[in-house]
Amino acid sequence: MVTEKNTIGWSRNEMAQKVAADIPDGSYVNLGIGIPELVADHVPPGIEVIYHTENGLLGMGPVPEKDLADPELINAGKKCVTAIPGACYFHHADSFTMIRGGHLDICVLGALQVSKEGDLANWSTGAPDAIPAVGGAMDLVAGVKNIWVITEHNTKDGKFKLVNQCAFPLTGKQVVTRIYTNLAIINVKEKNLYVREMAPGVTFEELQRLTEAKLINESGK
Amino acid sequence: MINKIIYSTAEAVADIFDGATIMISGFGEAGSPIELIHQLIDHGAKNLTVVSNNTGSGLVGLAALIENKQVKKMICSFPRTANSTVFPELYNKGEIELELVPQGTLAERIRAGGAGIPAFYTPSSVNTPLADGKEVREFNGQLFVMEHAIKADFALVKCLTADRYGNLIYNKTARNFGPIMCTAAQTTIVQAKHIVEPGTIDPETVVTPGIFVNRVVQVSNPADESKLVADNRRYPW
């Protein structure tokens with residue numbers, strides 16, 4: 001258990017910028033609800049990314065002006081969005097054919113916990129009074145080629161999120177390939193966590209202290 | 001002559017019986033056939049099993065059907081949403097059952113139901129609590145969970161435009177579960193904003209072929225659920 005609050009590291013927008021910078025031109029991408037939605041604001045000019053939303057739209061555009069919002073044109077978070085020129089609509093079985101069939105390149109999701117082997121827990125804390133809800137998360141992690149997680153490195157009350165074994169119910173086993181936190185970018189390879197980059201002011205020793213799972217330093221620092 | 005057009009929502013839902021399994025289209029409010037649901041509330045059929053992605057919001061539409069104690073069990077992927085209070089309260093009191101299904105598995109179970117496929121294997125939910133008690137089988141070195149098809153006695157679906165043959169097109173992301181639900185129900189009941197003459201819908205753009213539809217009823221000005229919720233409306237009015 002780590003108790004003090006982090007004051008160093010990247011902001012949420014900087015984390016989203018880091019994710020966006022890693023998306024190859026021409027990718028088909030699904031962004032989860034919450035912090036992942038910020039990624040779309042940071043894709044560099046000249047890079048064309050097609051956004052998929054599981055409720056049936058390929059070519060999702062930005063949030064509309066308020067008076068142009070259409071309650072029948074929404075994203076997976078049920079917020080009004082727009083459709084870019086060249087977008088297409090489809091029904092749910094086709095949408096999850098894209099997801100489960102391995103047609104999407106990248107999915108960016110939030111996380112409650114990620115294990116050193118890339119297990120993801122992001123749908124339930126397992127609390128007995130919580131209403132369980134899963135949405136499309138289990139299908140996304142089962143089918144999309146690259147599952148990237150964007151998350152704070154630790155919980156608000158300082159608990160580990162990058163753990164040896166997830167305590168919360170799993171969304172999928174050995175599915176996460178990369179983790180972007182406010183402190184570091186970490187690749188998951190062969191059941192180990194490799195640190196690719198650390199935020200300014202973060203040392204490897206400090207990062208390890210804030211991480212339950214053992215880290216391997218590949219950042220060159 | 002084939003004419004699937006019905007002239008009132010009351011007539012369209014009149015034969016829905018107690019204990020029926022009913023698919024209801026929609027992802028949140030987009031595509032939710034709110035007028036057909038309200039008619040089902042007036043109709044009063046009870047002990048229903050409802051297959052729908054969510055559980056409605058506020059005190060209108062699907063949430064109102066649940067609040068009216070007509071639903072025994074929900075089969076859905078995401079039973080809590082913003083403004084969704086009716087289902088969580090009843091669930092916490094143990095007064096309604098929940099079968100939680102990953103969204104893609106829900107879609108595929110419905111698709112399979114309509115396609116005459118009794119069960120299938122999917123990678124979704126392997127090694128998670130949602131696979132507990134289900135058959136797991138290895139194909140090409142990877143694990144898959146067996147899931148059963150879902151069929152319904154009735155489907156209530158919202159579309160944009162229909163003709164008397166039951167050919168349908170939808171509006172934007174309100175399409176979602178509509179087309180697959182039309183295929184998986186014994187009786188598919190559709191509310192359409194527009195009804196047009198056969199041939200008006202370009203055959204190349206038909207989304208749901210009419211063979212999957214039994215009844216079409218025109219609802220020219222469907223309610224905007226989020227507006228009703230924002231105005232604290234409750235059904236019955």
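Numbers restart at 1 for each chain; the letters A, B, ... are given by sequence-line order, proteins then strands. Values in this document were obtained by computation on a predicted structure and should not be read as measured data.
- Between chain A and the residues B/Gly26, B/Gly31, B/Ala30, the largest count of heavy-atom pairs under 4.5 Å involves B/Ala30.
- A/Gln165 CD: 12 or fewer foreign heavy atoms inside a 6.0 Å radius.
- Of the atoms belonging to B/Val207, not a single heavy atom falls under 4.5 Å from chain A.
- For a residue to count as touching a neighbouring chain, one of its non-hydrogen atoms must lie under 4.5 Å from one of that chain's; by this rule A/Thr171 touches chain B with the backbone only.
- If you take CG on B/Leu160 and CD on A/Glu72, they are separated by 8.0 Å, rounding to the nearest 0.5 Å.
- When each of B/Asn127, B/Ile180, B/Asn92, B/Leu100 is scored by its heavy-atom pairs under 4.5 Å with chain A, the top score falls to B/Leu100.
- Counted within 6.0 Å of CD1 on A/Ile84, heavy atoms from surrounding residues, nucleotides or ligands total more than 12; the atom is thus considered enclosed.
- Top candidate by heavy-atom pairs under 4.5 Å with chain A, chosen from B/Pro179, B/Pro88, B/Gly104, is B/Gly104.
- Within the 4.5 angstrom heavy-atom criterion, atoms from both the backbone and the side chain of B/Phe177 approach chain A.
- Among the candidates B/Pro79, B/Gly28, B/Cys76, B/Ser226, the residue making the largest number of heavy-atom pairs closer than 4.5 Å to chain A is B/Pro79.
- Here the two rings, on B/Tyr170 and A/His91, have centers that are 6.0 Å apart or farther.
- Note that CE of A/Met138 and CD of B/Gln103 are 12.5 Å apart. Values are rounded to the nearest 0.5 Å.
- The backbone N or O of A/Ala93 sits nowhere less than 3.5 Å from a side-chain atom of B/Arg111 that would complete a donor-acceptor pair.
- No donor-acceptor pair under 3.5 Å is formed between the side chain of B/Arg175 and the backbone N or O of A/Gly56.
- The local environment of NZ in A/Lys78 is crowded, with over 12 non-hydrogen atoms from other residues, nucleotides or ligands closer than 6.0 Å.
- The structure places CG of B/Leu98 at 8.0 Å from CD1 of A/Ile131, a figure rounded to the nearest 0.5 Å.
- Enclosure of atom NZ in B/Lys227 is not indicated, since only 12 or fewer non-hydrogen atoms of other residues, nucleotides or ligands lie within 6.0 angstrom.
- Proximity to chain A (any heavy atom under 4.5 Å) is restricted, for B/Thr81, to the side chain, taken from C-beta onward.
- In this structure, B/Phe27 and A/Ile74 approach most closely via the heavy-atom pair O-CD1, 3.6 Å.
- The CH2 atom of A/Trp123 lies 11.5 Å from the OG atom of B/Ser77; values are rounded to the nearest 0.5 Å.
- Heavy atoms closer than 4.5 Å to chain A are found nowhere in B/Leu143, neither backbone nor side chain.
- Interface summary for chain B: among A/Ala83, A/Pro132, A/Gly136, A/Ser95, the most heavy-atom pairs under 4.5 angstrom belong to A/Pro132.
- Looking at B/Asn176, both its backbone and its side chain come within 4.5 Å of chain A, counting heavy atoms on both sides.
- Counting heavy atoms of neighbouring residues, nucleotides and ligands inside a 6.0 Å radius, atom CD of B/Glu135 exceeds 12 of them.
- When each of A/Ala87, A/Gly126, A/Ser124, A/Ala76 is scored by its heavy-atom pairs under 4.5 Å with chain B, the top score falls to A/Ala76.
- Within a 6.0 Å sphere centred on OH of A/Tyr28, other residues, nucleotides and ligands contribute 12 heavy atoms or fewer.
- Annotation: A/Lys189, atom NZ; neighbour count of heavy atoms from other residues, nucleotides and ligands within 6.0 Å is above 12.
- The shortest non-hydrogen separation linking B/Pro102 to A/Asp139 is CB-OD2, 3.6 Å.
- Looking only at side-chain heavy atoms (C-beta outward), B/Glu225 and A/Pro71 stay at 4.5 Å or farther from each other.
- Using a 4.5 Å heavy-atom cutoff, the side chains of A/Phe96 and B/Glu108 are not in contact.
- Applying the 6.0 Å contact sphere to CD of B/Glu138 captures more than 12 heavy atoms from other residues, nucleotides or ligands.
- Looking at B/Asn171 and A/Asp70, their side chains come closer than 4.5 Å, going by heavy atoms from C-beta outward.
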